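Here's the structure, in structure tokens; my notes come after.
Just so you know, residue 1 is the first one in the sequence shown, and it goes up from there. Order of listing sets the numbers, starting from 1, for every ligand and every atom in it. Small disclaimer: the values here were computed from a predicted structure and weren't measured.
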Amino acid sequence: MSSSSATYRAPIADMLFVLRQLAGIDELAALPAYEGFDIDTAAAVLDECAKFNEGVVAPLNRTGDLQPPVLTDGQVTSTPGFADAFRSFVDGGWQGVQHPERFGGQGLPGVLAAPCREMLNAANLSLALCPLLTDSAIEALLVAGSPEQQARYIPKLISGEWTGTMNLTEPQAGSDLALVRTKAVPQPDGSYRISGQKIFITWGEHDLAENILHFVLARTPDAPEGVKGISLFAVPKYVGGEGADDGAGGMSGEASGERDGSARRRNDVWCASLEHKLGITASPTCVLLYGEDKGEVGAGAIGWRIGEENRGLEYMFVMMNAARFAVGVQGVAVAERAYQQAVAYAKERVQSRDVAGSPAAVTIIHHPDVRRMLMTMRALIEAGRALACVAAAHADWAEHAADDGERRQHRRLHEFLVPIVKGWLTENANEVTSLAMQVHGGMGYMEETGVAQLYRDARILAIYEGTTAIQANDLVGRKTARDGGAIARQFLQLIGGVEQALAERIEAIGAGAATAADLAAIARHLGAGRQALEEVVDYVLANHDRDARAVYAGSVPYLKLAGIVLGGTQMARAALKAEAMLRAQAGDAQFLAAKITTARFFADHILALAPGLAAGITTGAPGVLELSEAAF
Ligand SMILES: Cc1cc2nc3c(=O)[nH]c(=O)nc-3n(C[C@H](O)[C@H](O)[C@H](O)COP(=O)(O)OP(=O)(O)OC[C@H]3O[C@@H](n4cnc5c(N)ncnc54)[C@H](O)[C@@H]3O)c2cc1C
């Protein structure tokens, strides 16, 4: 079985195409914030990143599956090799790729960080989760941390001396964070004492770094019920010690004495157990207990509030938005790795004669249905990567565009795309890894091919950081209904523009040209997709307040429809660019021709589903809602 799970090759050609032709990295590079950055830098960064992830991180993927972390006396020992790989990751500057230079980061655009993170996740989803959560913690600090907190924590998070975690979930509070019960009691010195139980905390305890900074949602004693009474706290595993860089001083003028050379002490937060999981087994998923009075600080873990009291969920949303986007990228990543394995297997496995006749059995890539599976995988991955990078570019513009209005506008476009990137790309990861297994036949079901691990690993992506339903609720409520469909309609307009460009291009090259038929098919399906999406946006707006249950009965299909149509739009843009480049003989002809074929496949086989989805959403609610509970 030579289709080895250890092999991963970063798809740099596609990444560079997307960055340049679709996500507008050259325009971004012209912003003062990115002075000195250009496409050559981007290419060099991607090359280095590929070398590191292919050579150092990818080979540990299977090791992690076979030798998950172990918990002994409250300490987690991670998979052999992980600590060294993590050290090389942070020493190579990879944690800081998109974070500000003033805190030790590289200050590169987020749009470049996205493919870098894709490589890390494709190489090793379990290990990648640790930096992913640290990235999100840094985002939260940048938005809600005081200047002192930022200066104290961010450099350590970027250097990998510390890592970050996200502590939201409790046994009774999963999707519904209004139910959080963990308590935070203010202390005279400005700190808080935290007590309660958090579950499912990724990398909540480990031996990769010398300290862990937990970002914890908790309630102060007089906090109102529900989401309006939740605050955000930073709780280090160790407090005090040299420099006392745990946030104890300078938060609001009060000093707690932690800064004045007090010894490093174990804070009162403990890993009670590790979960046994279906996949990502090398990522320690911890039950964390706060306030067990077992440490060196007395009862209650010492923590410091981030931002204002009772605005914790708002800040956590910043962290979650960053994490949700990153989880979408995880979806593309694991899908890409599964695709590469499936292609390798399809080219070597010999089975059955060609349907059109062949003297002997052929490699299975000759069978039309195997090709259909590979093309589906490829099309979903390329569309997903493009959509994620375009969303990342909006975030960069939202941060650095010169004009205030322009920044706000890009922020809204980015935020509209986040639930789609999270929801659609991760559901696609399930489909793509399942197809990879199907391509492998029975061997895929055997653990030694490694494709079973990818299938198991991918399954969590549509669940954590908000299930697909939670993303879809966000898309319907906050992103579509709340602004009366304003941003949704901007996307519809953008699609109309791409249709127009396709029509003009077909006219320019002549309907008889070889690629004209491809562009025409793409244009036809894109037009039908846009109409379907428009119909659904109108339906959501007309019924959201009148018949919410009916609208939300179609929320996940709406998210899928939006993903298909917006992903299809990026593929259509890609086809247009590729066609022009091919004609100008600018670029790798094989790559460009394949891009057009993949875009055509996407249109014929995936975009074509849009009208059916729209019909289900606008007319199918009764079937979802009618049965009585007893009838189930
Ligand atoms: C491996 C792993 C790692 C994790 N890492 C972390 C972490 O680091 N930090 C952290 O805080 N949490 C973490 N989680 C928790 C994760 O985010 C939650 O499991 C997830 O948000 C879902 O919550 P739940 O499990 O309670 O499911 P529930 O909320 O009970 O959901 C059950 C089902 O009901 C549906 N549902 C619930 N509410 C609605 C609604 N309003 N509309 C429509 N459908 C709804 C859901 O979509 C789902 O299908 C992790 C979980 C796992 C398994």
(request) Number the atoms of ligand 1 from 1 as they appear, then name those within less than 4.0 Å of a heavy atom of Met166, with their elements. (result) 7 (C), 8 (O), 9 (N), 10 (C), 11 (O)

(message) I'd like to check which ligand 1 atoms, numbered from 1 as shown, lie under 4.0 Å from a non-hydrogen atom of Glu465.
(response) 17 (O)

(message) Could you work out, for atom 51 (C) of ligand 1, the closest of Trp203, Tyr552, Phe200 by heavy-atom distance?
(response) Phe200

Please list every donor-acceptor pair under 3.5 Å in which a side-chain atom of residues 269-276 meets a protein atom from a residue at least two apart or in another chain.
unit_1 : atom_1 : unit_2 : atom_2 : d
Trp270 : NE1    : Asp268 : OD1    : 2.7

(message) Do Arg266 and Tyr238 form a cation-pi contact, if we require the NZ or CZ to be under 6.0 Å from the six-membered ring centre and within 45 degrees of the ring's axis?
(response) yes

(message) Using the rule side-chain hydrogen bond (donor to acceptor under 3.5 Å, both in side chains), only one of Glu210, Glu205, His214 pairs with Lys237; which is it?
(response) Glu205

(message) Would Lys277 count as being in polar contact with ligand 1, using the rule that some N or O on each side must be under 3.5 angstrom apart?
(response) no

(message) Under 4.0 Å from atom 8 (O) of ligand 1, is there at least one protein heavy atom?
(response) yes

(request) Measure from atom 35 (C) of ligand 1 to the protein's non-hydrogen atoms and state whether any distance is below 4.0 Å. (result) no

(request) Establish whether atom 28 (P) of ligand 1 and some protein heavy atom are separated by less than 4.0 angstrom. (result) yes

(request) Give yes or no for whether the N/O distance cutoff of 3.5 Å, strictly under, is met between Tyr464 and ligand 1. (result) no

(request) Could you pull out all residues at least two apart from Glu431 that satisfy side chain to side chain donor-acceptor pair (under 3.5 Å)? (result) none

(message) Taking side-chain hydrogen bond (donor to acceptor under 3.5 Å, both in side chains) as the criterion, tell me which of Asn167, Thr182, Asn267 meets it with Tyr290.
(response) Asn167

(request) Under 4.0 Å, heavy atoms only, figure out whether ligand 1 is touched by the backbone of Ile460, its side chain, both or neither. (result) side chain

(message) My understanding is that we take every heavy atom of each candidate and find the minimum distance to atom 42 (N) of ligand 1. Doing that for Thr165, Thr468, Val180, Asn473, which one comes out nearest?
(response) Asn473

(request) Taking atom 32 (C) of ligand 1 as the reference point, report whether a protein heavy atom occurs under 4.0 Å from it. (result) no

(message) Is there a polar contact between ligand 1 and Ile470, counting only N or O atoms under 3.5 Å apart?
(response) no

(request) Give yes if a backbone or side-chain nitrogen or oxygen of Ser175 is under 3.5 Å from a nitrogen or oxygen of ligand 1, and no if not. (result) yes

(request) With atom 21 (O) of ligand 1 as the reference point, say which of Ala472, Ala462, Ala323, Gly466 has the nearest heavy atom. (result) Gly466

(request) Return yes or no for this condition: an N or O of Ala469 is under 3.5 Å from an N or O of ligand 1. (result) no

(message) Looking only at distances, can you tell me whether any N or O atom of Thr467, backbone or side chain, sits closer than 3.5 Å to an N or O atom of ligand 1?
(response) yes

